[in-house]
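The block underneath contains the structure these notes are about, expressed in structure tokens.
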Amino acid sequence: MTVDIAVIPAAGRGTRMRPATRVVPKALLTVVDRPAIQYAVEEAARAGAKEAILIVDLEVGHLVHQHFVNTDRLPGLEHIKIRTVVQEEPLGLGHAVLEAERVVAHRPFMCILADDIVRPGQDVLTKLIDASDDGSSVVCIQEMTPEVIVTKGAVIPTSDLVDGVMSIGGAVEKPDASAIPSLYGVLGRYVFQPEIFEHLADLEPGRGGEIQLTDAMNQLGLVGRLKGAITDQEFLDVGNPLGLLRASMVLGSHQFPEFADIARSELGLG
Ligand code: UTP
């Protein structure tokens with residue numbers, strides 16, 4: 001199956017990156033030589049997306065829009081049409097995804113959280129797309145330690161792993177340490193069937209008063225239409241200062257091999 005459209009929610013407040021995000025949207029913070037969100041668009045294009053829908057906020061979202069004006073000649077962006085949709089209020093990740101409904105319509109779509117940048121050569125979306133062939137929605141999962149999983153989300157497995165894919169009944173956002181359903185954590189890569197929009201539209205605000213994507217995924221899990229596809233690749237989380245610094249070094253070393261010398265001589269690394 002091919003999935004030709006990607007939704008990239010980028011309307012969050014980015015409070016963990018203050019003061020950098022007082023004016024500049026988190027999605028536009030530079031990682032080496034391009035804004036974080038550009039990595040997500042490039043990843044979508046590599047997975048076959050012809051269109052990327054960026055969900056941006058009302059106040060500074062126009063800056064994200066402007067960044068992508070006339071980028072169709074940039075390497076990696078030649079074959080993807082990029083457009084922005086405004087989420088007028090930050091009512092949650094689920095609400096942000098629902099904003100894409102009119103553009104996506106009845107198509108399956110990829111969903112990419114741009115805070116997590118995939119390491120060079122370690123793309124996972126094609127695996128998720130393959131696992132969605134039977135009409136399921138698929139979330140990317142990874143084995144995590146209890147300490148990490150309580151800060152993320154843990155899935156509820158309903159089958160064994162077969163060829164790296166399992167059926168799941170849903171997920172628990174930031175589970176209590178005493179009630180972790182599994183050590184398979186959720187990463188910010190998904191392939192959704194369009195039915196997710198019906199569930200999102202029906203949701204009441206959940207955890208934190210926000211419309212939670214996890215709550216809609218749980219509805220899919222209830223009817224056996226949700227799967228997890230495992231990866232052992234660690235993503236680079238640029239949504240917090242230390243993660244951004246680390247990602248800059250990892251991606252910078254990849255892009256500029258001479259950075260390894262600098263890291264050795266200036267920082268004593270390596
Ligand atoms: P986060 O939970 O990381 O929130 O959102 P945030 O606001 O971006 O960052 P912090 O925690 O305040 O530092 C997860 C993803 O959902 C998007 C964010 O842009 C991010 O990609 N999101 C969240 C929206 O698009 N809209 C929302 O209302 C909430």
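Note that ligands are numbered from 1 as they come in the structure, with each ligand's atoms numbered from 1 the same way. No experiment lies behind these values; they were computed from the predicted model shown.
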List, ordered by chain and residue number, the protein residues whose closest non-hydrogen atom lies under 4.0 Å from any atom of ligand 1. Pro9, Ala10, Ala11, Gly12, Arg13, Gly14, Thr15, Arg16, Lys26, Gln87, Pro90, Leu91, Gly92, Leu93, Ala96, Asp115
Does atom CZ of Arg107 have more than 12 heavy-atom neighbours, drawn from other residues, nucleotides or ligands, at distances under 6.0 Å? yes
In this structure, which one of Asp237, Asp115, Asp57 forms a salt bridge (charged side-chain N to carboxylate O under 4.0 Å, His left out) with Lys26? Asp115
Value for CD (Gln212) from CG (Leu203), rounded to nearest 0.5 Å, stands at 9.0 Å
Ignoring hydrogens, what is the shortest heavy-atom contact between Val60 and Val23? Give both atom names and the distance. CG1-O, 3.3 Å
Side chains of Arg18 and Thr21, donor plus acceptor under 3.5 Å: yes
Return a table of donor-acceptor pairs under 3.5 angstrom between the side chains of residues 92-101 and protein atoms on other chains or two or more places apart.
from	atom 1	to	atom 2	distance (Å)
His95	ND1	Gln87	NE2	2.9

